Amino acid sequence: MPVAARGDRSPAPQTGALEALLTRVSRGDQYAFESLYTAVAGSVLGLVRRVVRDPAQSEEVAQEVLIEVWRSAARFDARQGSAMAWIMTLAHRRAVDRVRSVQAAADRDHRAGMGAYTAPFDEVSEQVERRLEREQVRRCLQQLTDLQRESVTLAYYRGYTYRETADLLGAALGTVKTRLRDGLIRLRDCLGVSA
């Protein structure tokens with residue numbers, strides 16, 4: 001049976017009527033299931049569609065939910081809540097499971113694709129390039145004032161906060177922040193990095 005389209009919804013029966021239908025479905029009553037299906041299929045599809053978003057997958061998940069209702073109707077307990085709440089909880093859980101499953105598959109595919117890719121690598125040229133970059137940074141650091149160089153070294157190379165840097169240097173926090181900003185601007189210009 002296809003899931004009812006959005007416009008095919010008939011008014012939902014009273015809560016007691018759904019519970020009675022579920023009780024009959026739990027005993028294998030196919031006619032009761034047809035009535036239940038007609039009553040809830042539109043709402044189930046609507047909820048699933050809001051979670052899954054993909055129309056084709058939404059219809060598939062809604063079908064799975066309604067099959068689950070058929071198979072597990074005996075698990076419904078009216079003391080725990082209404083029949084509609086139980087069905088919609090099944091629908092929501094199944095929809096979230098589908099979204100998670102699709103995301104996990106996409107993540108696996110991405111990892112597999114990245115694992116198969118190996119960038120061309122020349123270890124010697126990489127080492128030379130890193131060494132040259134370090135030397136250039138050292139030269140540029142030497143062009144800073146003492147307070148700028150000490151502030152940058154403490155904050156960016158040793159991981160101190162601005163406040164800790166100010167305390168270590170015995171300077172006002174605002175002064176350290178200004179020296180850091182000015183020092184970083186000078187470093188950027190010296191290194192030829194575009195803003």
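Note that the structure is a prediction, hence the values are computed from the model and not measured.
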Set of residues satisfying side-chain hydrogen bond (donor to acceptor under 3.5 Å, both in side chains) with respect to Arg98, sequence neighbours excluded: Glu60, Glu64

Arg53 side chain near Ser58 side chain, heavy-atom distance below 4.5 Å: no

Residue pairs fulfilling ring pair (Phe, Tyr, Trp, His ring centres under 6.0 Å) with at least one residue in residues 143-172, sequence neighbours excluded: none

Glu68: side-chain hydrogen bond (donor to acceptor under 3.5 Å, both in side chains) partners, not counting sequence neighbours: Arg94

Gln142 and Arg139, any side-chain heavy atoms less than 4.5 Å apart: no

Spacing of Ser72 atom OG and Ile67 atom CD1 [to the nearest 0.5 Å]: 11.5 Å

Hydrophobic cluster membership, Val99 vs Val96, 4.5 Å side-chain cutoff: yes

Leu66 vs Val40 side-chain heavy atoms within contact, under 4.5 Å: yes

Which residues share a salt bridge (charged side-chain N to carboxylate O under 4.0 Å, His left out) with Asp77, sequence neighbours left out: Arg79

Heavy-atom pair of closest approach, residues Leu191 and Cys140: CD2-SG, 3.8 Å

Pairs involving residues 38-65, ordered by first then second residue, that meet ring pair (Phe, Tyr, Trp, His ring centres under 6.0 Å) (sequence neighbours left out): none

Only pairs under 3.5 Å count here: list side-chain donor-acceptor contacts from residues 85-93, not counting sequence neighbours, and write none if there are none.
{"residue": "Thr89", "atom": "OG1", "partner": "Ala85", "partner atom": "O", "Å": "2.7"}

Set of side-chain contact (heavy atoms from CB on, under 4.5 Å) partners for Ala74, sequence neighbours left out: Ser26

Arg71: partners by salt bridge (charged side-chain N to carboxylate O under 4.0 Å, His left out), with sequence neighbours left out: none

For Glu135, side-chain hydrogen bond (donor to acceptor under 3.5 Å, both in side chains) partners two or more places apart: none

Test side-chain hydrogen bond (donor to acceptor under 3.5 Å, both in side chains) applied to Asp97 - qualifying residues, sequence neighbours left out: none

I'd like a table of donor-acceptor pairs (distance under 3.5 Å, sequence neighbours excluded) in which one partner is a side-chain atom from residues 166-187, with atom names and distances.
{"residue": "Thr178", "atom": "OG1", "partner": "Gly174", "partner atom": "O", "Å": "2.9"}
{"residue": "Arg186", "atom": "NH1", "partner": "Gln148", "partner atom": "OE1", "Å": "3.2"}
{"residue": "Arg186", "atom": "NH2", "partner": "Gln143", "partner atom": "O", "Å": "2.5"}

Partners passing salt bridge (charged side-chain N to carboxylate O under 4.0 Å, His left out) against Asp109 (at least two apart in sequence or in another chain): none

Nearest heavy atoms of Ala39 and Leu18, plus distance in Å: CB-CD2, 4.1 Å

Approximate separation, where rounding is to 0.5 Å, of Leu21 CG and Arg24 CZ: 6.0 Å

Atom CZ of Arg134 with >12 non-hydrogen neighbours under 6.0 angstrom: yes

Check against side chain to side chain contact (heavy atoms under 4.5 Å, CB included), Thr161 and Glu164: CA-CA 5 Å; Thr161 65; Glu164 292 169 336; 3.2 Å; yes

Pairwise distance CD(Glu59) to CD(Gln63) - rounded to 0.5 angstrom: 8.0 Å

CD on Glu150 to CZ on Arg158, rounded to 0.5 Å: 9.5 Å

Within-4.5 Å side-chain heavy-atom neighbours: Leu22 and Val69: yes

